Amino acid sequence: MILKSILIWVLVLVALPVEAVPPTPVAVSREYLMGTFAEVRVYDGDEVGARQAIEAALAEMRALDRLMAVQRSDSDVSRLNREAARGPVRVDPRVVQVLARSVEVSRATAGAFDVTVLPVVRAWGFTDGHPHPPGPGPIPRIAGWRSLRIDADAGTVAFTDAAAQVDLGGIGKGYALDRARDVLRGRGVRSAWLDLGGNIATLGAPPGGGPWRIAVRHPRHDGDRLGVVAMGEASVSTSSDAEQYTMEDGKRRGHIIDPRSGRPADALVSATVVAASATTADALSTAAVVLGQARAREALAHAGADGLLVAPAPDGSLRLHATAGLDFHADNAVVAAMNDTRRPR
Ligand code: AMP
Ligand code: MG
């Protein structure tokens, strides 16, 4: 009898809605950046100092946007794409650093993460915001991450393949968040929340202590959420086919490309990754969609990261997989419906 009532209480507690909106910040600013919205909230210190720190963090993100955007012909990345096949090109040290991290993640994910997929991303119209299936004809060739020659000491990058074209869309937001968080920290901020297009980085703990609570959206049902991730100072990034996609033969095709096939990846519907580094969380969430559930888990474990993976089942239903270290509070009704294979979808 006692056991039964304890069980009921546990269920009631778990089912309670979790407050996902953090308390009021000392200062907050929002700005359109990197093709999406950036929001920085500072929760400690005086208002003037908080405002200055936020402005400095946003300035760093703006600078990175100018360096990395493939849509800008004067960005360092566009310069590489025009000139690096002819020999080493000197670029900003931050571009060298993010490319070096990209190559590390490529190696760690057996090439699932590959910044040289740009020709295919372009062929599908994902870089100009008007996605469409490519016309008939051969799939553009992907040169592969091994064709990048990075000389960190010299501050240069060269491509060994004339077809190499790089795109930091899968890692750049995370890198910008890491840099912006460092800027805040350098100015003495001890509690902050940064959001760049749904990639989140936190600094310290929220006011009053306890964890930050981050809602994870349902990749198929607008307005629904899968649940809430609780975490300390960390970073969380979600990749999915829910934001940028087009339809082909009645099937959804998302903006993450499987470098092996040169086609949109469909091994996962969405992947949410929690890691200390926002760069790692961003790159691994993109890679996870290519890797699929089992291999994504291995890559996360290897990187010391956690994740929430939504996989398509053969019958069209969705399955939710959380790694053991993730502090995830599911919205029970949503998740039960999702993992119920009897429900047609
Ligand atoms: P994200 O939203 O972080 O998952 O990044 C998706 C973006 O990363 C796409 O719009 C492309 O610009 C780029 N991308 C697509 N496929 C890959 C891949 N396999 N590896 C690295 N970047 C990719
Ligand atoms: Mg990413």
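Quick caveat: nothing in here was measured; it's all calculated off a predicted structure. First listed ligand is number 1; within each ligand, the first listed atom is number 1.
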Q: Within 2.8 Å of the Mg ion (ligand 2), is there any N, O or S atom belonging to T286?
A: yes
Q: Please say whether D167 places an N or O atom under 3.5 Å from an N or O atom belonging to ligand 1.
A: yes
Q: Could you tell me if any non-hydrogen atom of F113 lies under 4.0 Å from any atom of ligand 1?
A: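 Checking ligand 1 against F113, which is what was asked, there is a heavy-atom contact under 4.0 Å.
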Q: At what distance is the nearest protein heavy atom to atom 6 (C) of ligand 1, and which residue and atom is it?
A: H255 CE1, 3.4 Å
Q: Counting distance only, does the side-chain N/O of T202 pair as donor-acceptor with the main-chain N or O of A234 below 3.5 Å?
A: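 Present.
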Q: Group every Ile, Leu, Val, Met, Phe, Trp and Tyr by side-chain heavy-atom contacts under 4.5 Å, then state whether V105 and L291 land in the same group.
A: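 No, separate clusters.
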Q: How far is atom 1 (P) of ligand 1 from the closest protein heavy atom, and which atom is that?
A: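 The closest one turns out to be T286 OG1, 3.3 Å.
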Q: Side chain, backbone, both or neither: which applies to A112 and ligand 1 if a contact is any heavy-atom pair less than 4.0 Å apart?
A: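 A112 to ligand 1: backbone contact only, side chain stays beyond 4.0 Å.
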Q: Quick check on contacts: which atoms of ligand 1 are under 4.0 angstrom from a heavy atom of S239?
A: 1 (P), 3 (O), 4 (O)
Q: Which class fits the ring pair F37 and Y32: parallel under 30°, tilted 30 to 60°, perpendicular over 60°?
A: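 F37 vs Y32 ring planes: perpendicular.
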Q: What protein heavy atom sits nearest atom 20 (N) of ligand 1, and how far off is it?
A: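 Looking at atom 20 (N) of ligand 1, the protein heavy atom closest to it is D114 N, 2.9 Å.
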Q: With a 4.0 Å heavy-atom cut-off (strictly under), which part of V117 contacts ligand 1: side chain, backbone, both or neither?
A: side chain
Q: What are the atoms of ligand 1, with element, lying closer than 4.0 Å to any heavy atom of G169?
A: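 The list of qualifying atoms is 3 (O), 5 (O), 7 (C), 8 (O), 12 (O).
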Q: Would R252 count as a cation-pi partner of Y245, with NZ or CZ less than 6.0 Å from the six-membered ring centre and within 45° of the ring normal?
A: yes
Q: Nearest to atom 16 (N) of ligand 1 by heavy atom, D241, I257, V105, L168: which?
A: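 Nearest option to atom 16 (N) of ligand 1, by heavy atoms: I257.
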Q: To the nearest 10 degrees, could you say what angle the Mg ion (ligand 2) makes with OD1 of D282 and O of G170?
A: 80°
Q: Looking only at side-chain N and O atoms, does D178 offer a donor or acceptor that is under 3.5 Å from a partner on T279?
A: yes
Q: Backbone or side chain, does any N or O of T238 fall under 3.5 Å from an N or O of ligand 1?
A: no
Q: So, the side chain of D44 versus the backbone of R190: is there a donor-acceptor pair under 3.5 Å, distance only?
A: yes
Q: Side chain, backbone, both or neither: which applies to I256 and ligand 1 if a contact is any heavy-atom pair less than 4.0 Å apart?
A: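 Both the backbone and the side chain of I256 come within reach of ligand 1.
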Q: Regarding S237 and S285, do their side chains bring together a donor and an acceptor under 3.5 Å, going by distance alone?
A: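 Short answer, yes.
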Q: Hydrophobic clustering (ILVMFWY, side-chain heavy atoms < 4.5 Å, transitive) - are L284 and V103 grouped together?
A: yes
Q: Look at atom 8 (O) of ligand 1 and say which protein heavy atom is nearest, naming residue and atom and giving the distance to 0.1 Å.
A: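 Ranking protein heavy atoms by distance from atom 8 (O) of ligand 1, first comes G170 N, 3.1 Å.
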Q: Whether the T323 and D306 side chains hold a donor-acceptor pair (N or O, under 3.5 Å, no angle test) is what I'd like checked.
A: yes
Q: For the backbone of W145 and the side chain of D114, can you confirm whether one donor and one acceptor N or O come within less than 3.5 Å of each other?
A: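 Present.
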